[in-house]
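A quick write-up on the structure given underneath.
All chains are named by letter (A, B, ...) in the order of the sequence lines, taking the proteins before the strands, and each is independently numbered beginning at 1.
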Protein chains: 2
Amino acid sequence: MSNNTTRKPRVVIVGGGFGGLYTAKALKDAPVQVTLIDKRNFHLFQPLLYQVATGSISPADISSPLRLVLRHHKNIQVLLDEVIDLDPENKQVILKGHEPIEYDILIVATGVSHFYFGNDHWKTFAPGLKTIEDALEIRRRIFMAFEAAEKESDPEIRQAWLTFVIVGGGPTGVELAGAIAEIAHSSLTGDFRQIDTGAAKILLLEGMDRLLPPYPPELSAKAEESLTRFGVTIQTKTMVTDVSEGMVTIRQGEQVKNIQAKTILWAAGVKASSMGEVLAHRTGAKLDRAGRVIVEPDLSIAQHPNIFVIGDLANFPHQDDKPLPGVAPVAMQQGEYMAQLLKKRLKGEAVLPFYYVDHGSLAVIGHHSAVVNLGFVKLHGLLAWFIWLWAHIYYLIEFDNKLVVMVQWGWNYFTRGRGARLITGESSLATFVEVEPKETPSVTPQGAAKV
Amino acid sequence: MSNNTTRKPRVVIVGGGFGGLYTAKALKDAPVQVTLIDKRNFHLFQPLLYQVATGSISPADISSPLRLVLRHHKNIQVLLDEVIDLDPENKQVILKGHEPIEYDILIVATGVSHFYFGNDHWKTFAPGLKTIEDALEIRRRIFMAFEAAEKESDPEIRQAWLTFVIVGGGPTGVELAGAIAEIAHSSLTGDFRQIDTGAAKILLLEGMDRLLPPYPPELSAKAEESLTRFGVTIQTKTMVTDVSEGMVTIRQGEQVKNIQAKTILWAAGVKASSMGEVLAHRTGAKLDRAGRVIVEPDLSIAQHPNIFVIGDLANFPHQDDKPLPGVAPVAMQQGEYMAQLLKKRLKGEAVLPFYYVDHGSLAVIGHHSAVVNLGFVKLHGLLAWFIWLWAHIYYLIEFDNKLVVMVQWGWNYFTRGRGARLITGESSLATFVEVEPKETPSVTPQGAAKV
């Protein structure tokens, strides 16, 4: 495993998400030297990112400083940098702001980003939700839309400000739509003088014939029922064919429609981070259509037994015939498996292939409502919501943010408050004013069908 | 007061800081229509902004959405916009993104911003602390400096990353210096592998002969004593003559010195916001040297009995011969006075001049240490810290953020944690890498005296 038997093997982990961080934590007492490289100084608890985007909690509530989490793991060092290339011949990763780092074992866990189906220019008009910055931008757009509507005298433009389109009916889309409905129909009630925030239209668009396609159909039906009750309009079998400033073009069967909406959010596709390309180029790793790396049963890359890919970036097709889903529990289990594998290898023991134990899947719909599929039982409503809450608190308290977020939740639960609804950013007002100049009719194309 | 006796007088308040918000709140039941205009959608509890800048709490913890605070005040509407001009002839304020608004009474409370003594280009190298964005930028720089030091092999450059210069020994400078010392000597202990964060140098520069010049000399001495114990190096009678990338030039008597420091923070001068100039231009209002508007005993502008200036933007010289200090209690009392004045005017009653009741001043130095001057007694140390804590919680709970920030403080108190230390911003890594390219020696000028 190492050329030099007197020093400990060097394990380099790229990415401090669920996969990378769980690997590092599980290597705490292993006889290896670990370097964890991330371009951010914190681990992000991504399952709750939609709550930052909708003003319930603050970024720091779901962010754990990597150094703090790993401070007592003396065999682990954290390096704040970005891996831009790989040299498998010399066993080195190439960094943007530091000299190359040598590894004996390399674990790549850099995840995925948004995918606009080849239309990257849609990104400006319809941001996705992956980073803290994404969440703050979405938060800014949602709350700024109500402010702009309050000031707008043209009823058509005002309605466009009060129309929110979420593209993609997976868990993130469902969570965003439910939360925006709650903002419009509950949190902001009474805050404005000129508009009725309850007149807001929240549209959730999904290409398949039902929401939450990977879930059992009865849970999809329950989710649709709850969301409809909360005031969300669901349109399934709906393809988005164009996105521009304040406008979404959709196709439903033969019919093409334009929807005027000032706030468009993207929760549809994902593609692999750039490390997928780097691995393909440097190691010959095979990629799937989304650019994810197809891994061996032990999560390594074919022909490269010392390079592993885990988490969302990995396509693991050896179980149930289809790739494992890109969710936190898969990444966590893969991280723990990696640590076991390395420890066993060091002892010369054999290693079984990775096997994912599915404890169920769950998505929150809104205040007191969720859907949970535990396999042996399917739940929805308040009980499902408590399971969702419990699961998230359980995993969140692994690190350091537990207390504050729990108090914030308790507070929000009773007040339905959204205290974290600040509109921030250097250009917070400038953008707003520029987006809605009355002299520029092209910003809100005329003749568009209203929803 | 109004041309039309059948409608309620229109009161326009510009600025939702302590002055503007307290005016609006105190006008709750008055027979007036109030419009509060701010370019942000939240009131910022500025006295705790340094805690955001140093990673103790989140922006939302000290930000109260204006609409939420005023939601039950049905005679008040909030307008998110920026006032760019004034037309006193037609009694209108001119807005950036909205048609002009008419007023019968205008109250301007737009505060102050940083002043670099005519050297505005210093701002890039030495940000000041007035807005949430400022605080996040300072937070980014402080925590990124430790990350950069961890990666740096040149000892001289590493020490520059570990050197923090705070310009200005008033309350903000003292608070920042104390908090950075705590970060280096306590919060980050054990987080890094290559550097000893305790080797950080924190320099607090003050032009006068002691810190906290407006305080009694014995409290200045106590503050200096405590800060020194916490590891802050204080240099008084020190003038900053130049600031550039990673370098501060100071003059102490005849001696000129260069200090290499990658993190330079500005807490020295303030100047009036641009509404001061607008008022001078449109109403002939007199400005002081800092651009603040010199107001009449009833806070109005001479010859314009319907236009008032309150808070930091006002220079009120009618008490104790010198202008009142730019602190929150002055603005709050002026806001409440404004509401009383308007109510009395409507009844045709006479109004006494404004009079500031000074309940004391206080500044926090660090964990368990503050100085408090209550006039009849001067305190320092733990007891002063508890008074500081009580006063801040008391005013913070007026709005909506109380619970979470108190829990966060309690948590931090026991753990000395700084959970809100994320490095964020679109350019968070890019900037970092660009700031420290090894090929560009001009970034860290050679021959500079080390501190």
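- Expressed to the nearest 0.5 Å, how far CG of A/Leu49 lies from CG of A/Asp134 amounts to 7.5 Å.
- Proximity to chain B (any heavy atom under 4.5 Å) is shown, for A/Leu136, by neither the backbone nor the side chain.
- Only the backbone of B/Leu70 comes within less than 4.5 Å of a heavy atom of chain A; no side-chain atom from C-beta onward does.
- The main-chain N or O of B/Thr189 is found under 3.5 Å from a side-chain atom of A/Arg71 such that the two form a donor-acceptor pair.
- Applying the side chain to side chain contact (heavy atoms under 4.5 Å, CB included) rule to A/Glu150 yields the partners A/Phe192, A/Arg193, A/Gln194, A/Ile195, B/Arg67, B/Gln77; only residues at least two apart in sequence or on another chain are considered.
- At a 4.5 Å heavy-atom cutoff, the contact between A/Ile76 and chain B is made by backbone atoms alone.
- B/Ser113 meets the side chain to side chain contact (heavy atoms under 4.5 Å, CB included) test with B/Lys271; sequence neighbours excluded.
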